[in-house]
There are 2 protein chains.
Amino acid sequence: MTSARITINDVAKAAGVSKGLVSLALNERRGVAPETRDRILGAARDLGWSPNPGARGLTTRRAYALGLILRRDPRTIEVDPFFPAFIAGVETVLSARGQVLVLSVAADHDAEAAAYERLSTDKRVDGFLLTDLLADDMRIRLVESLGMHAVSLGSPTADSVFPVISRDYDEGIDALMEHLISLGHREIAHVSGDEQMLHGRRRRERYEHAMREAGLVPNVIATDFSPEQGAGATKALLDGPRRPTAIVYGNDPMAVAGMGVAHERGLRLPRDLSITGLDGSQIGTYIYPSLTTLDNDPTEWGIAAATALLRLVEDGETSNVTLPPAGLVVRASTAAPSTGQH
Amino acid sequence: MTSARITINDVAKAAGVSKGLVSLALNERRGVAPETRDRILGAARDLGWSPNPGARGLTTRRAYALGLILRRDPRTIEVDPFFPAFIAGVETVLSARGQVLVLSVAADHDAEAAAYERLSTDKRVDGFLLTDLLADDMRIRLVESLGMHAVSLGSPTADSVFPVISRDYDEGIDALMEHLISLGHREIAHVSGDEQMLHGRRRRERYEHAMREAGLVPNVIATDFSPEQGAGATKALLDGPRRPTAIVYGNDPMAVAGMGVAHERGLRLPRDLSITGLDGSQIGTYIYPSLTTLDNDPTEWGIAAATALLRLVEDGETSNVTLPPAGLVVRASTAAPSTGQH
DNA sequence: TTGAAAGCGGTACCAT
DNA sequence: ATGGTACCGCTTTCAA
């Protein structure tokens with residue numbers, strides 16, 4: 001089956017008009033007689049025609065595509081519950097508008113910067129979705145200097161001209177800490193994520209705030225968010241001078257790894273050690289004990305981010321979005337500490 | 001900083017030649033004097049110019065992009081250790097060639113088919129990477145009828161004109177079964193993945209083959225590969241008439257979920273129940289007990305698939321690729337069965 | 001070996 | 001309201 005390449009000229013011919021008019025009709029511009037409009041659109045539908053984005057972009061200077069660039073160490077790339085659902089959310093917005101997502105993965109900062117530049121100079125995308133924001137993130141200035149649009153997930157520390165999508169975690173972290181404290185925990189440790197990352201740092205700060213509010217002393221080990229370092233941090237804590245009765249992990253994969261360490265040492269969970277994550281992954285439901293965490297909703301992030309970015313690209317409107325705050329999800333991995341030896 | 005839009009004309013001017021010649025030089029066509037060639041390429045480099053893929057594709061009929069469409073239930077989209085690393089592999093190949101990956105996520109079969117059609121008719125991609133192959137997969141014929149190129153991960157049951165990337169799992173499954181049997185297990189159950197999916201079915205068949213070879217009777221529960229159904233299947237098996245001493249899960253996330261169920265019932269792993277996965281994820285290293293599984297290497301899949309697809313698109317060469325067979329990775333989740341009551 | 005010009009599939013402007 | 005035409009950035013003939 002040779003799918004006939006059908007173009008705007010075919011539609012024009014079929015509708016008995018000039019191709020300029022077809023363009024006007026398609027783009028819902030005024031100045032086209034209603035009945036002509038219908039005839040044109042009908043012909044387009046009959047022929048199964050939709051405009052070629054490449055040709056279109058040649059004059060409109062648009063790519064009709066959004067870019068997402070992930071920086072990930074290839075060795076630890078695997079576990080991240082956030083992205084698949086996030087991308088699904090982005091897609092629902094894009095596909096409804098005939099747009100497309102260009103995904104790139106970069107191993108390090110240099111490759112990352114190169115990827116932004118390439119997608120930009122090659123006019124592959126109209127804007128970028130900035131995730132995993134770092135403190136003083138170079139990408140803000142980079143993307144700005146490239147003359148590209150963007151939205152960021154979370155508020156950059158430096159000045160940013162881009163719309164911000166955000167969700168409050170402070171409230172959820174407060175609730176989580178209160179939950180642990182009211183169970184009787186005093187030695188509550190935090191295995192924080194990459195402190196370069198804004199949300200990692202922010203969570204750590206709120207944990208510390210909550211601890212001090214309760215008259216307790218914070219106990220933090222920083223990691224890179226990988227299960228590997230999560231496991232290592234757990235061992236360090238259990239062997240350390242201030243052995244915790246509860247550990248709050250910066251993300252769920254680390255919490256799962258931490259449980260592995262605890263089980264390995266013969267601890268009975270949650271009696272001997274309470275464990276929590278911070279971003280509500282599905283797998284947390286099926287591990288044992290099921291994981292107390294905060295809810296998230298990556299799909300919602302994706303929808304909001306893509307919508308805001310498209311508004312910026314198409315209408316030049318910069319509108320921030322605040323998602324509903326993350327709430328506490330109590331499952332089975334937290335309980336009152338045992339009063340036994342330690 | 002207004003990044004000057006620099007085009008082929010600027011390069012032509014700088015090199016003192018016509019834009020036609022610039023094109024010839026850039027595309028390494030013969031008939032360009034060596035010294036002119038160098039001058040042109042030098043000018044291009046100085047100006048930081050690379051050709052606009054959209055404009056280019058207008059005449060070459062290429063998108064300089066590859067497409068990957070994932071069909072995933074939004075509710076269970078989260079856990080799949082395969083894709084991030086697979087995509088990273090694809091990316092290493094694409095970025096080196098100035099190409100790009102277009103990623104799409106579809107909720108169901110209809111949306112999936114629509115996505116293939118859209119990326120195809122809009123000339124968004126030059127070919128598709130077909131993953132998660134189903135038995136008698138409609139996509140083979142669909143993509144063919146769209147006149148698009150593709151490669152498939154695994155061999156389609158129906159005739160396919162597309163290159164096939166494959167890796168032998170039979171050998172690894174045999175080794176895994178032998179491992180369990182030699183430990184003394186007789187009641188070895190299999191929680192299989194989606195039987196619609198080719199690799200899920202194939203794995204189940206090999207498990208059954210190995211059981212019969214050993215004079216044992218297969219015991220299979222089919223699932224959709226989700227942790228949720230993995231947990232459910234585990235409960236059914238533990239409550240069933242033929243309570244297994246070992247369970248082979250179709251993928252690692254289900255194995256993790258299965259462990260959760262076992263722990264919940266107070267079983268001591270691996271003494272009371274041996275558990276294995278089948279696709280070597282990183283998280284398997286950090287759970288307790290660490291997971292016996294087969295190794296995989298999604299990045300390798302990605303590199304091979306993208307390379308083969310690009311060869312097909314650019315040179316018309318259809319070359320199958322066979323990756324090294326998956327090997328057994330023995331960790332701590334398998335041991336001799338306890339001889340106690342049951 | 002090189003230049004000039006047509007054409008790819010659209011959009012946008014200027015007449016009418 | 002509609003048609004004609006130039007033009008977007010690049011590739012590809014065809015002459016020279």
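In the text below, chain A, chain B and the rest are named by the order of the sequence lines, each starting its count at 1. Atom set for the values below is all heavy atoms of this structure, side chains included, hydrogens, waters and symmetry mates excluded. Just so it is clear, the model here is predicted, and its values are computed rather than measured.
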task: Give the intermediate values and the outcome of side chain to side chain contact (heavy atoms under 4.5 Å, CB included) for residues A:Thr36 and A:Arg39.
output: CA-CA 5 Å; A:Thr36 336; A:Arg39 188 154 35 89; 3.2 Å; yes

statement: Per-helix bend value, the helix from C:dT1-D:dA16 to C:dT16-D:dA1, C1' rotation axes over five pairs per end, 10° rounding, shows 40°

Side chain to side chain contact (heavy atoms under 4.5 Å, CB included) involving A:Pro34 - partner list, sequence neighbours excluded: none

- request: Mind checking salt bridge (charged side-chain N to carboxylate O under 4.0 Å, His left out) for A:Glu112 and listing every partner two or more places apart, or none if nothing turns up?
  value: A:Arg71, A:Arg139

- prompt: Who pairs with A:Arg62 by salt bridge (charged side-chain N to carboxylate O under 4.0 Å, His left out), at least two apart in sequence or on another chain?
  reply: A:Asp126, A:Glu314

- request: Check every nucleotide of DNA chain D for an atom under 4.0 Å from a heavy-atom of chain B, then give the first and the last such nucleotide from 5' to 3'.
  value: D:dG9 to D:dT12

- prompt: Do the rings of B:Phe86 and B:Phe83 sit parallel, tilted or perpendicular, given the 30° and 60° boundaries?
  reply: perpendicular

Residues 102-110 of chain B side chain polar contacts: donor-acceptor under 3.5 Å, at least two apart:
| residue | atom | partner | partner atom | Å |
| --- | --- | --- | --- | --- |
| B:Ser104 | OG | A:Glu91 | OE1 | 2.9 |
| B:Asp108 | OD1 | B:Asp110 | N | 3.1 |
| B:Asp108 | OD1 | B:Ala111 | N | 2.8 |

Which side-chain N or O atoms in residues 151-161 of chain A pair as donor and acceptor under 3.5 Å with protein atoms at least two apart or in another chain?
| residue | atom | partner | partner atom | Å |
| --- | --- | --- | --- | --- |
| A:Ser152 | OG | A:Gly154 | O | 2.9 |
| A:Thr157 | OG1 | A:Asp136 | N | 2.7 |
| A:Ser160 | OG | A:Phe162 | N | 3.0 |

- prompt: Near A:Gln196 CD, under 6.0 Å, is it more than 12 heavy atoms from other residues, nucleotides or ligands?
  reply: no

Set of salt bridge (charged side-chain N to carboxylate O under 4.0 Å, His left out) partners for B:Arg118, sequence neighbours left out: none

message: I'd like to know if the side chain of A:Asp122 and the backbone of A:Arg124 have a donor-acceptor N/O pair within less than 3.5 Å.
response: no

- request: Return the set of residues passing side chain to side chain contact (heavy atoms under 4.5 Å, CB included) with A:Thr121 (not counting sequence neighbours), or none when no residue passes.
  value: B:Ser50

task: Assign a letter to each nucleotide of nucleotides 8-16 of chain C from its 5' end: B, base within under 4.0 Å of a protein heavy atom; S, sugar-phosphate only; -, no contact.
output: BBBBB----

- request: List the steps, then state whether side chain to side chain contact (heavy atoms under 4.5 Å, CB included) holds for B:Asn27 with B:Arg56.
  value: CA-CA 11 Å; B:Asn27 295 304; B:Arg56 208 179 179 193; 2.6 Å; yes

- request: Please round to the nearest 0.5 Å and tell me the distance separating atom CG of A:Leu21 and atom CG of A:Leu26.
  value: 12.0 Å

message: Tell me the closest heavy-atom pair linking B:Ala12 and B:Ser18, and the distance in Å.
response: CB-C, 3.8 Å

field: DNA chain C contacts among residues 33-47 of chain B, heavy-atom distance under 4.0 Å
entry: B:Ala33, B:Thr36

message: I need the residues from residues 120-128 of chain B with at least one non-hydrogen atom less than 4.0 Å from DNA chain C; give them sorted by number, or say none.
response: none

message: I need the single residue from A:Ile87, A:Ile69, A:Val90 that forms a side chain to side chain contact (heavy atoms under 4.5 Å, CB included) with A:Leu129. Which is it?
response: A:Val90

